Trainee: 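To start, I am sharing the structure in question, which I have written as structure tokens.
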Amino acid sequence: MSETTRSLPEYDPQAVEAAAQRWWSEHKSFQAVEDPAREKFYCLSMFPYPSGRLHMGHVRNYTIGDVISRHQRMLGRNVLQPMGWDAFGLPAENAAMAKGVAPSAWTWDNISYMRRQLKSLGFGIDWSRELATCQPEYYRWNQWLFLRLLEKGLVYQKTGTVNWDPLDQTVLANEQVINGRGWRTGALIEKREIPMYYMRITAYADELLGALDGLEGWPERVRLMQANWIGRSEGVEIAFPYDAAATAAAGRDGALLVFTTRADTLMGATYCAVAAEHPLATAAARDDAGLAAFVEECKQGSVMEADLATAEKRGMPTGFHVIHPLTGDRLPVWVANYVLMGYGEGAVMAVPAHDERDFEFAAKYALPVRPVIAGTREPGTTWDDAFAEHGVTINSGPFDGLEFDAAVDAIAASLAEKGLGKKRVQFRLRDWGISRQRYWGTPIPIVHCADCGVVPVPDEQLPVVLPEDCVPDGSGNPLRHRPDFLDCRCPACNGPARRETDTMDTFVDSSWYFLRYACADNHTAMVDDRVSYWLPVDQYIGGIEHAILHLLYSRFWTRVMRDLDLVQIKEPFTHLLTQGMVLNDIYFRKDETGRLIYFNPAEVEQQADAAGHPVAVLLADGSPVESGGIGTMSKSRNNGVDPQLLVDSHGADTARLFTMFTAPPEQTLEWSDEGVQGASRFLKRVWKAVHAHVADGPASKLDPAALTKSGIALRRQVHQALVKVTDDIGRRRTFNTAIAAVMELLNSLNRADVATPSDRAVMQEALELIVLMLSPIVPHICHHLWNVLGHPGAIIDQAWPSPDRSALVAETREIVVQVNGKVRGRVVVPAEAADAEVRAAALADNNVQRFVGGQTVRKVIVVPGKLVNVVV
RNA sequence: GCCCGGGUGGCGGAAUCGGUAGACGCUACGGACUUAAAAUCCGUUGGCCGCAAGGCCGUGCCGGUUCAAGUCCGGCCCCGGGCACCA
């Protein structure tokens, strides 16, 4: 590089980015066109909820998608990267309540602001396919498919439990229940049973579970979480016949049905327990005021499983008994708050000796413990917990001495003989309740007629359009007060009728939006042929928080559409990347009432106090604030970073580089102002290296045969970096290490001595490759630098480069030598050296000799090309 | 409570299939340039011992397998995600 002082052009991100974005827009670079002759690549990021402004999590998510998309494009694929809006949901209703603005207006304002932000980040999105789930053109197909499922019996009605706020007279979301109280009213929340529509996802439980094995492009942990969520377990359904009192109360002969995976412990059952909602509990409570009060108490609080499972175990006897199906013993039936009505039969047989929860309950209420599995403890000794592992049966009469499987088989056979039990499979998965007592969602296409009952809306009357000018006030669904929506004609008898006011769960919207991108302009059908070209999604990217619900519903919905012959695929997403959350520091003060006031980290500075200890100080008043550690960026903790400020101050490329470099995509990412500086500095260094190089005039053509020794070594580093970056971006998706490899290479180039024309040719090649390798990550600056390097076309049309294999060949290798597993030296050997030769060189090393000393060499392990371990 | 992840220098992280722990970046410190500052460039930076060569210790904790463990196995601790109406 010449040492003459001269002024190189300054890196001005705003100008560079505006120019690149203008070029892409003018050339419609990202408009995807179906072309059966070309291999397609459908790269999809989870669509955002239009909450107001982009947050760093969005920037991270969409940068990952854009890097993969641009890389695939360079590999020659026909890439589709669409974008849309998950536009229905609760926050719009909350904003409406807070600001008195209609959810629709609020949502569309947010969409136009966020669309502009996405464009300023330079994502290669095909905006011609944009959709929003709150458009009738979209949600009419939610309604249409709902009707098809209704016809097939895959949608049905039953009651479901919701959180009821008795003051506001409204149903609350789990999020709106805080410590068992309504978030606005503070009233104690009650559980309430209301009629709802359900989708029969359990009909697909076996298939959804079985197909997980084939999802090789999914992270193992997501597959595991889904498998556990579906929760297939094999067990025995056992009938415990009612005693006379229970029979009388139930009004007929009957038996308490329970499901258990531990039929081998049946001889140890000492009581049965039912959920508070169980019919037997209801029957018992009729004549027992104390029990009635307890059952009512169990109906207080939220419906959340986490709350139920962590609640203190409590119960009361029903006074009824059931008959043990094998021993004939009378067992008491209890109502217990740890039994879930939603799983199995809502009743359990309790074996305190071999189940943790039963044990805790039995200990509290002095119920008998009867060990029937040989464990680590002798029967008769004091136990402090249950022995829940499998083992050999004891104290079980004719079933003694059996291993788990044999015991279950023998007991199941004996029960079957008496007609009191059979083996069956139980899933943890429950059917999907889709009814919401909310305004801002897809209207359920049902009409209620006094004469005809529940009548589906005919297809030709779709969509049932949601009025857009409602402003919810927190006291229930405003649709109930809208005669223009409510009043209609019955499709069956044409008499006066009333529309259903419940809307659909927003997970319905997101269960198939990825199909609609392929044909968003089709207003006569839900999907068309273009879906079979683009689907399945080749790469799906989104937050790990969606690992179960959204992804499982989408898998279910896709299968439903397959069974309706609407699509040919069964799995919607071939490869899945689950990105980690974005975190930032949390700072707060407590006010007089003990409430926490949060301060944005941007308003806080780290200083040292008089004693030299670090202390966080609010810039506004110079007084300290408390540190609350680190946590996900959220409005409630006021620790978000507005990506717009970053884009405005440093440019989109710096924002993109920072999020890609700071952490691998699947891990949490911690925000750091200094890290942003580092990213920006690196881009300036790339800019400078390219401009300094071209300032010395054009380089001559590269002749690999005419290189100096240092030129060969430098060129080897260049192509090694290319091999690594190709693998990191294309296979491993570890963008952080890809960037590190390019940084390392740039450091080498800056140190290199460029004296001869052949050196300059190597430099030209190296800089071109650096710009090509970085172009998926920081596309704007690379768009510019590609032209600076003397190329007339656009870098976006360039192919991903291939390494020159001959440049990678090295003559020697460095081998690490260990003695007893500790590194004691390094030797340089010819690259092709045989093991014996490497071994000899290793043993000859001075420091190695020092540690071997006079001891006998017991073993020498040679790992070819890497290391030698001498064991003495 | 249940299911799934994670824990490595002052900090973010690297180590891809059991084979050199700390790549790359940040911070801090020292130097160059500058009237000065910023920016930029160069150097040092896990701890301890040593003039040096080099050595000892070190990947949340305890134990195990192996020639070799951040990586595998068993038991714990802490942090994060999900738990079906936030999306």
Side-chain angles (χ1 to χ4, degrees), chain A residues 46 48-49 51 86 89-91 94 160 162-163 171-177 219-222 224-229 231 303-311 313 338 342 356-357 428-438 505-507 510 543-550 552-553 578 580-581 583 629-632 661-664 666-679 681-682 684-685 688 724 727-728 731-732 734 736-737 739-744 747 750 814-818 820-823 826 847 850 858-861 863 866-872:
Chain A
M46 288 181 187
Y49 179 79
S51 55
D86 189 11
L90 202 54
N94 296 340
V162 294
N163 303 304
V171 175
L172 296 186
N174 283 338
E175 190 189 54
Q176 299 171 313
V177 180
E220 186 56 39
R221 65 164 153 156
V222 175
L224 244 180
M225 280 192 262
Q226 292 217 349
N228 290 334
W229 183 263
V303 300
M304 274 181 277
E305 196 191 309
D307 288 343
L308 301 174
T310 50
K313 283 173 194 42
Y338 73 94
E356 301 287 352
R357 288 168 309 173
R428 205 188 76 96
L429 182 68
R430 305 199 295 262
D431 277 337
W432 174 16
I434 58 150
S435 296
R436 297 292 178 268
Q437 297 67 47
R438 266 185 254 298
D505 180 5
T506 55
F507 275 123
S510 55
I544 182 66
E545 68 273 20
H546 296 291
I548 295 174
L549 292 179
H550 161 60
L552 192 62
Y553 291 144
T578 49
M581 317 274 272
L583 312 181
I630 205 160
T632 55
F661 178 64
T662 303
E666 311 224 31
Q667 274 183 37
T668 54
L669 181 150
E670 284 174 42
W671 177 260
S672 124
D673 289 320
E674 293 79 13
V676 170
Q677 291 301 328
R681 197 175 300 154
F682 172 68
K684 285 182 196 152
R685 274 155 51 85
K688 208 167 128 185
K724 175 156 178 62
D727 189 47
D728 283 355
R731 179 183 64 90
R732 298 176 66 209
T734 52
N736 56 326
T737 54
I739 295 163
V742 177
M743 286 176 168
E744 227 175 329
N747 290 343
N750 284 338
E814 190 184 69
I815 303 288
V816 167
V817 188
Q818 300 180 329
N820 285 349
K822 292 195 175 197
V823 180
R826 285 148 212 275
N847 204 43
R850 240 181 76 203
R858 283 205 295 130
K859 207 198 257 187
V860 178
I861 289 142
V863 181
K866 275 215 165 135
L867 127 168
V868 175
N869 189 12
V870 182
V871 186
V872 298

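The structure displayed is predicted, hence computed values, not measured ones. Here is how names work: the chains are called A, B, and so on, in the same order as the sequence lines, proteins then strands, and each is numbered from 1.
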Trainee: Sequence neighbours left out, what passes salt bridge (Lys or Arg N to Asp or Glu O under 4.0 Å) with A:R685? Give chain and number order.
Mentor: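 Expected list: none.
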
Trainee: In whole Å, measure the gap between the P atoms of B:rC83 and B:rC61 for me.
Mentor: 33 Å

Trainee: Just by protein heavy atoms under 4.0 Å, how would nucleotides 51-60 of chain B read 5' to 3' in B, S and -?
Mentor: ---SSSS---

Trainee: Drop me the distance from A:M225's CE to A:I548's CD1, to the nearest 0.5 angstrom.
Mentor: 6.0 Å

Trainee: If you look at every strand shown and take non-hydrogen atoms under 4.0 Å, does A:V162 touch a base, only sugar-phosphate, or nothing?
Mentor: base

Trainee: Go ahead and write out RNA chain B as dot-bracket, 5' to 3': ( ) for pairs within the strand, [ ] for ones crossing earlier pairs, | when the partner sits on another strand, dots for unpaired; Watson-Crick or G-U wobble, both distances under 3.5 Å.
Mentor: (((((((..(((......[....))).(((((.......))))).((((....))))..(((((..]....))))))))))))....

Trainee: For B:rC17, does the O4'-C1'-N9-C4 or O4'-C1'-N1-C2 angle fall within 90° of 0, making it syn, or is it anti?
Mentor: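 Syn conformation for B:rC17.
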
Trainee: Could you measure the distance from the CZ atom of A:R221 to the CD atom of A:E666? Nearest 0.5 Å is fine.
Mentor: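 One gets 6.0 Å once the value is rounded to the nearest 0.5 Å.
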
Trainee: Please work out if A:R221 contacts a base, only the sugar-phosphate, or nothing of the nucleic acid, heavy-atom cut-off 4.0 Å.
Mentor: sugar-phosphate

Trainee: Which part of the nucleic acid does A:E545 contact within heavy-atom distance under 4.0 Å: base, sugar-phosphate only, or nothing?
Mentor: base

Trainee: Can you check the distance between B:rA23 and B:rG12, where both ends of the measurement are the C1' atom (answer in whole Å)?
Mentor: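 One C1' to the other, the span is 13 Å.
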
Trainee: Would you indicate what A:L429 reaches in the nucleic acid, counting non-hydrogen atoms under 4.0 angstrom: base, sugar-phosphate, or nothing?
Mentor: base

Trainee: Which residues pass the side chain to side chain contact (heavy atoms under 4.5 Å, CB included) test with A:A740, not counting sequence neighbours?
Mentor: A:F661

Trainee: Hydrogens and angles aside, do A:S510 and A:D86 bring a side-chain donor and acceptor to less than 3.5 Å of each other?
Mentor: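 Distance-only check fails for A:S510 and A:D86.
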
Trainee: Over all strands shown, is A:A306 touching base, sugar-phosphate only, or nothing at heavy-atom distances under 4.0 angstrom?
Mentor: base

Trainee: What integer distance in Å separates A:W432:CH2 from B:rA84:C1'?
Mentor: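 After rounding, the gap between these two atoms is 11 Å.
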
Trainee: With sequence neighbours left out, write down each residue that passes side chain to side chain contact (heavy atoms under 4.5 Å, CB included) with A:A227, or none if nothing qualifies.
Mentor: A:L209, A:L212

Trainee: Which part of the nucleic acid, if any, lies within reach of A:H546 when heavy atoms closer than 4.0 Å are counted: base, sugar-phosphate only, or nothing?
Mentor: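 It contacts base atoms.
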
Trainee: So, does A:N228 get its side chain near the phosphate of B:rC4, meaning an N or O under 4.0 Å from OP1 or OP2?
Mentor: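 Answer yes for this pair, as a side-chain N or O of A:N228 is under 4.0 Å from OP1 or OP2.
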
Trainee: Which is it for B:rG9, anti or syn, if anything within 90° of zero counts as syn?
Mentor: syn

Trainee: Just how far is it from atom CG of A:D728 to atom CG of A:N736, taken to the nearest 0.5 Å?
Mentor: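 One gets 8.0 Å once the value is rounded to the nearest 0.5 Å.
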
Trainee: Drop me the distance from A:N163's CG to A:E175's CD, to the nearest 0.5 angstrom.
Mentor: 12.0 Å

Trainee: When we call it a touch if two heavy atoms are under 4.0 Å apart, what does A:I861 touch: a base, just sugar-phosphate, or nothing?
Mentor: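 Base contact - A:I861 has a heavy atom under 4.0 Å of at least one base atom.
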
Trainee: With sequence neighbours left out, what residues match A:V863 under side chain to side chain contact (heavy atoms under 4.5 Å, CB included)?
Mentor: A:I861, A:K866, A:L867

Trainee: Nearest whole angstrom, please: distance from the C1' of B:rG81 to the CH2 of A:W229.
Mentor: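 Checked: the CH2 to C1' distance equals 13 Å.
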
Trainee: Tell me every residue that passes side chain to side chain contact (heavy atoms under 4.5 Å, CB included) with A:L549, counting only those two or more places apart in sequence or in another chain.
Mentor: A:W229, A:F507, A:Y553

Trainee: Calculate the interatomic distance between A:K684 atom NZ and B:rG25 atom C1'; express it in whole Å.
Mentor: 15 Å

Trainee: On RNA chain B, compare the nucleotides closest to A:G678 and A:V871; which residue's is nearer the 5' end?
Mentor: A:G678

Trainee: Hey, does the side chain of A:Q176 reach the backbone of A:A173 with a donor-acceptor pair shorter than 3.5 angstrom?
Mentor: yes

Trainee: For the pair made of CD1 in A:I548 and P in B:rG81, what is the distance, rounded to whole Å?
Mentor: 14 Å

Trainee: How is A:L867 classified with respect to the nucleic acid when contacts are heavy atoms under 4.0 Å: base, sugar-phosphate, or nothing?
Mentor: base

Trainee: Once you apply a heavy-atom cut-off of 4.0 Å, does A:Q677 come out as touching a base, just sugar-phosphate, or nothing?
Mentor: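 Result for A:Q677 = nothing.
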
Trainee: Give me the distances for all protein-to-nucleotides 75-78 of chain B N/O pairs that come in under 3.5 Å?
Mentor:
none

Trainee: For nucleotides 41-45 of chain B, list the nitrogen or oxygen atoms of the protein found under 3.5 Å from its nitrogen or oxygen atoms, one pair per line.
Mentor:
none

Trainee: Remember a base hit wins even if backbone is also touched, and classify A:V177 as base, sugar-phosphate or nothing at under 4.0 Å, heavy atoms.
Mentor: nothing

Trainee: Counting any heavy atom closer than 4.0 Å, what does A:R858 reach on the DNA or RNA strands: base, sugar-phosphate only, or nothing?
Mentor: nothing

Trainee: Side chain of A:N869, base of B:rC67: donor and acceptor closer than 3.5 Å?
Mentor: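 Between B:rC67 and A:N869, which were checked side chain against base, a qualifying N/O pair under 3.5 Å is present.
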
Trainee: So which nucleotide from B:rA87, B:rU16, B:rG25 ends up closest to the side chain of A:N747?
Mentor: B:rG25

Trainee: From CZ of A:F682 over to C1' of B:rG25, roughly how many Å is that when rounded to an integer?
Mentor: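 Rounding to the nearest Å, CZ of A:F682 and C1' of B:rG25 are 10 Å apart.
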
Trainee: Given B:rA84, B:rC26, B:rG81, identify the nucleotide with an atom nearest to the side chain of A:M581.
Mentor: B:rG81

Trainee: Under the salt bridge (Lys or Arg N to Asp or Glu O under 4.0 Å) rule, collect the residues that match up with A:R681, sequence neighbours excluded.
Mentor: none

Trainee: Given the C1' atoms of B:rA21 and B:rG46, what is the spacing between them in whole Å?
Mentor: 10 Å

Trainee: If I pick the C1' atom on B:rG7 and the same atom on B:rG70, what distance separates them, to the nearest angstrom?
Mentor: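 11 Å, rounded to whole Å.
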
Trainee: Give me, pair by pair, the N or O atoms of the protein and of nucleotides 12-14 of chain B that are less than 3.5 Å apart, along with how far apart they are.
Mentor:
{"from": "B:rG12", "atom 1": "O2'", "to": "A:T662", "atom 2": "O", "distance (Å)": "2.7"}
{"from": "B:rG13", "atom 1": "O3'", "to": "A:N736", "atom 2": "ND2", "distance (Å)": "3.4"}
{"from": "B:rA14", "atom 1": "OP1", "to": "A:N736", "atom 2": "ND2", "distance (Å)": "3.0"}

Trainee: Taking the C1' atom of each, how far is B:rG9 from B:rA15, in whole Å?
Mentor: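 Each nucleotide's C1' atom is 15 Å from the other's.
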
Trainee: What contact category does A:Y338 fall into here, base, sugar-phosphate, or nothing, at under 4.0 angstrom with non-hydrogen atoms?
Mentor: nothing

Trainee: Can you tell me how far C1' of B:rC4 sits from CD1 of A:I544, to the nearest Å?
Mentor: 8 Å

Trainee: To the closest 0.5 Å, what do you measure between NZ (A:K859) and CG (A:N820)?
Mentor: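 Answer for the NZ-CG pair, A:K859 versus A:N820, is 11.5 Å.
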
Trainee: Taking any heavy-atom pair under 4.0 Å as a contact, classify A:T310: base, sugar-phosphate, or nothing.
Mentor: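 Result for A:T310 = base.
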
Trainee: Roughly how many Å is it from CG in A:N820 to P in B:rA69, rounded to a whole number?
Mentor: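 Roughly 11 Å, once rounded to whole Å.
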
Trainee: Using atom NZ of A:K866 as one end and atom C1' of B:rA15 as the other, report the distance to the nearest whole Å.
Mentor: 10 Å

Trainee: I'd like the P distance from B:rA69 over to B:rU20, given in whole Å.
Mentor: 11 Å

Trainee: Between B:rG25 and B:rU44, how far is it from one P atom to the other, in whole Å?
Mentor: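 Straight-line distance between the two P atoms is 13 Å.
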
Trainee: Test of understanding: with salt bridge (Lys or Arg N to Asp or Glu O under 4.0 Å), list the residues that count as partners of A:R850, not counting sequence neighbours.
Mentor: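 In terms of salt bridge (Lys or Arg N to Asp or Glu O under 4.0 Å), with neighbours along the sequence ignored, A:R850 is linked to no residue.
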
Trainee: When you compare B:rU40 with B:rC26, how far apart are their P atoms, in angstrom units rounded to a whole number?
Mentor: 9 Å

Trainee: So if I take every side-chain heavy atom of A:M304 and compare against B:rA84, B:rC67, B:rG81, which nucleotide ends up nearest?
Mentor: B:rA84

Trainee: Describe the nucleic acid contact of A:E674 in one word from base, sugar-phosphate, nothing, applying a heavy-atom distance below 4.0 Å.
Mentor: sugar-phosphate

